[in-house]
Amino acid sequence: MGNSEKDRLAAAVVDHWRTFQAALTGPTRKYPTQAFNSFADAARRYIDVTRHDHLIHREVVNAIHGLTEELRLERKRVPGRILYEADRLECLFFLGYDPHFEGDEPPGL
């Protein structure tokens, strides 16, 4: 896969991140779950493509680094599934593994 595809995916992650940030500061009191899910889907696609790369886009790193903590501090009430998914994205991106083991449990557990 060429750099242009990775650049396009990185741009999508950053665009969805900005949309989510704008939705957080909007006038509505309802949590922008759909905007976060769009960001998470774009981030997962980027992670899948760049899993074995040594170089990654700085803007994507800035969007995902500290995501869980930032969401906790942003508002008093954040849905649990949003925090769970944020933590999962951080693990996938920085540690290279998915902490969600549905169907992937080691034998004997």
Side-chain angles (χ1 to χ4, degrees):
M1 187 166 297
N3 282 339
S4 62
E5 178 70 13
K6 293 174 189 175
D7 292 341
R8 185 187 64 76
L9 290 171
V13 171
V14 173
D15 288 342
H16 285 292
W17 174 247
R18 289 180 182 148
T19 302
F20 173 63
Q21 291 296 311
L24 279 174
T25 60
T28 181
R29 295 182 66 171
K30 187 177 176 186
Y31 199 84
T33 304
Q34 182 61 35
F36 178 81
N37 288 337
S38 296
F39 162 70
D41 290 340
R44 257 188 250 101
R45 284 191 299 274
Y46 180 81
I47 291 167
D48 287 341
V49 169
T50 61
R51 178 158 300 187
H52 300 292
D53 289 359
H54 295 283
L55 299 175
I56 50 180
H57 287 82
R58 182 182 314 249
E59 289 112 3
V60 176
V61 172
N62 289 336
I64 297 177
H65 184 272
L67 179 62
T68 307
E69 192 64 27
E70 182 178 339
L71 293 177
R72 279 191 188 125
L73 296 174
E74 182 72 33
R75 289 189 177 187
K76 290 181 182 177
R77 300 175 77 186
V78 178
R81 65 183 182 275
I82 298 292
L83 293 175
Y84 173 79
E85 188 62 31
D87 186 53
R88 188 175 177 193
L89 283 175
E90 285 183 290
C91 287
L92 278 169
F93 192 69
F94 294 110
L95 301 175
Y97 76 93
D98 189 355
H100 183 73
F101 285 125
E102 189 171 300
D104 293 335
E105 293 89 358
L109 288 181

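All values reported here derive from a predicted model rather than from experimental measurement.
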Drop me the distance from I82's CD1 to T33's OG1, to the nearest 0.5 angstrom.
4.5 Å
How many angstroms lie between OH in Y46 and CD1 in I64, if you round to the nearest 0.5 Å?
8.5 Å
Single-linkage hydrophobic cluster L9~I47, side-chain heavy atoms < 4.5 angstrom:
yes
Please tell me whether F93 and H65 form a close aromatic pair, meaning their ring centres lie under 6.0 Å apart.
no
Smallest heavy-atom separation, F36 atom then A86 atom, equals CZ-N, 4.0 Å
Spell out, yes or no, whether L83 and F94 are grouped together once hydrophobic residues are joined by side-chain heavy atoms under 4.5 Å, including indirect joins.
yes
Would you please name every residue forming a side-chain hydrogen bond (donor to acceptor under 3.5 Å, both in side chains) with D41, sequence neighbours left out?
R44
Could you tell me if the side chain of D7 sits less than 4.5 Å from the side chain of H57, heavy atoms only?
yes
More than 12 foreign heavy atoms under 6.0 Å from CG of L55: is that the case here?
no
When rounded to the nearest 0.5 angstrom, what is the spacing between CG in D87 and CG in L92?
10.0 Å
Using 0.5 Å steps for rounding, measure from the CG atom of D15 to the OG atom of S38.
11.5 Å
So CZ of R45 and CG of D48: to nearest 0.5 Å the spacing works out to 9.5 Å
Atom pair OH (Y84) and OG1 (T68), whose distance is rounded to the nearest 0.5 Å
11.5 Å
Is any side-chain heavy atom of V60 less than 4.5 Å from a side-chain heavy atom of W17?
no
To check you understand the geometry: which heavy-atom pair defines the closest contact between L89 and A43, and what is its length?
CD2-CB, 4.1 Å
Got a sec, which residues hit ring-ring contact (aromatic ring centres under 6.0 Å, His included) with H16, two or more places apart in sequence or on another chain?
none
Is any side-chain heavy atom of T19 closer than 4.5 Å to a side-chain heavy atom of F39?
no
Give the minimum heavy-atom separation between L67 and E90, together with the two atoms involved.
N-OE2, 3.3 Å
